[in-house]
Amino acid sequence: IPYDPNNKYEQYFDAYNVIIESKHADDVLLRYLRMYQILEYFGYRYILAEMTKGNIRENGFVRNIISKVSGRGSNEKEEIKKALKVLLPNLHTAIVISADITQPMKDFIKDKLLINDSQHSSDFLCEVIYKLRNCIVHNKESELHFTSFNTDDYKDGIDLMRVLITKLEPAIINI
């Protein structure tokens, strides 16, 4: 990460800590989760920044925030997709489905992540990123359980994670 003397780095300490954890991760699952954690962190910071725009110094600040919060959805997937579109507006060009994602990975996306839409779009990639994370953390997006004993079952998913990590980590540093 090149040092920029005009950047106020103290606002990114949390992200830098996660980047350091990622750098020292000894497996792909942990590295992928750390990458996602940074995206999530910046996504929620973006949401919070949007909420505070407007009358931050006026007496109506609390009422303004309450009205904005109550108007937001409780759908985590949609919130992270909105944030990713702002954070990584060129996500669909950073990862070229035809060149970066092999047919076995596409089959994994369709059969294991249960995503049938194969259009090369940011929405599609956001869905893949989100569901991969959920397969690791919650196992709620599929019946595939990632363990160290069934690596053959999700080999193509591991390869997909490697592609995402390789393509997205530099973009995250640029954020």
Side-chain angles (χ1 to χ4, degrees), residues 1-101 105 120-138 157-175:
I1 302 172
Y3 177 71
D4 176 2
N6 298 318
N7 193 352
K8 295 183 179 182
Y9 286 98
E10 65 271 7
Q11 67 178 318
Y12 301 114
F13 282 162
D14 291 336
Y16 287 133
N17 288 337
V18 178
I19 289 169
I20 289 168
E21 289 175 19
S22 176
K23 180 180 176 183
H24 296 289
D26 55 358
D27 67 79
V28 175
L29 297 179
L30 185 57
R31 182 119 184 204
Y32 184 83
L33 288 176
R34 293 298 170 250
M35 179 195 74
Y36 184 89
Q37 186 179 1
I38 296 166
L39 286 172
E40 189 176 52
Y41 172 78
F42 283 128
Y44 289 126
R45 280 192 62 158
Y46 166 74
I47 290 168
L48 290 173
E50 286 297 307
M51 284 183 191
T52 59
K53 285 183 179 175
N55 56 2
I56 195 164
R57 293 188 184 153
E58 298 173 15
N59 292 335
F61 175 71
V62 173
R63 282 191 306 274
N64 186 27
I65 292 295
I66 290 170
S67 70
K68 286 182 179 183
V69 169
S70 63
R72 295 198 76 85
S74 60
N75 186 333
E76 179 186 31
K77 179 171 64 173
E78 292 307 313
E79 292 294 325
I80 199 72
K81 280 170 76 172
K82 284 181 201 172
L84 283 175
K85 285 180 181 180
V86 172
L87 294 170
L88 300 170
N90 298 320
L91 178 61
H92 64 287
T93 58
I95 301 166
V96 181
I97 302 240
S98 59
D100 297 321
I101 299 180
M105 290 179 212
H120 187 176
S121 67
S122 290
D123 283 340
F124 170 76
L125 291 169
C126 288
E127 185 96 2
V128 169
I129 292 166
Y130 179 76
K131 283 192 171 188
L132 265 177
R133 176 258 188 195
N134 283 351
C135 283
I136 299 168
V137 176
H138 302 298
I158 294 293
D159 292 341
L160 178 60
M161 283 183 226
R162 283 190 177 111
V163 167
L164 293 171
I165 290 167
T166 302
K167 297 291 184 169
L168 294 180
E169 280 184 342
I172 290 169
I173 297 302
N174 287 334
I175 293 173

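What's counted below: heavy atoms across the whole structure, side chains too, no hydrogens, waters or symmetry copies.
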Set out, in order, the CA-CA distance, both residues' side-chain angles and the distance that settles side-chain contact (heavy atoms from CB on, under 4.5 Å) for F42 and L84, then state yes or no.
CA-CA 9 Å; F42 283 128; L84 283 175; over 6 Å; no

Treating Y32 as the side-chain partner and I129 as the backbone partner, does any N or O pair qualify as donor plus acceptor under 3.5 Å?
yes

Walk me through whether I101 and V128 qualify under side-chain contact (heavy atoms from CB on, under 4.5 Å).
CA-CA 12 Å; I101 299 180; V128 169; over 6 Å; no

From L88 CG over to L39 CG, what is the distance, rounded to the nearest 0.5 angstrom?
6.0 Å

Give, for atom CG of L30 and atom CD of E21, the distance between the pair rounded to the nearest 0.5 Å.
8.0 Å

Can you tell if the side chain of I173 reaches within under 4.5 Å of the side chain of I19, non-hydrogen atoms only?
yes

Give me the atom names and distance for the closest heavy-atom approach of A83 to G43.
CB-CA, 3.4 Å

Rounded to the nearest 0.5 Å, how far does CD of E40 lie from OH of Y130?
9.0 Å

Qualifying residues under side chain to side chain donor-acceptor pair (under 3.5 Å), relative to E169, sequence neighbours excluded
S22, R31

Tell me the closest heavy-atom pair linking P170 and I165, and the distance in Å.
CD-O, 4.2 Å

Would you indicate whether K167, at its atom NZ, is surrounded by more than 12 heavy atoms from other residues, nucleotides or ligands within a distance under 6.0 Å?
no

Provide the closest heavy-atom pair for I80 versus K77 in the form atom of the first, atom of the second, distance.
CG2-O, 3.2 Å

Side chains of L132 and I136, heavy atoms from C-beta outward: is any pair under 4.5 Å?
no

At what distance, to the nearest 0.5 angstrom, does CG of L168 lie from CE of M161?
13.0 Å

Minimum heavy-atom distance between V163 and D100, given as atom pair plus value
CG2-O, 3.7 Å

Drop me the distance from R162's CZ to M105's CE, to the nearest 0.5 angstrom.
9.5 Å

Shortest non-hydrogen contact from D27 to L29?
OD1-N, 3.0 Å

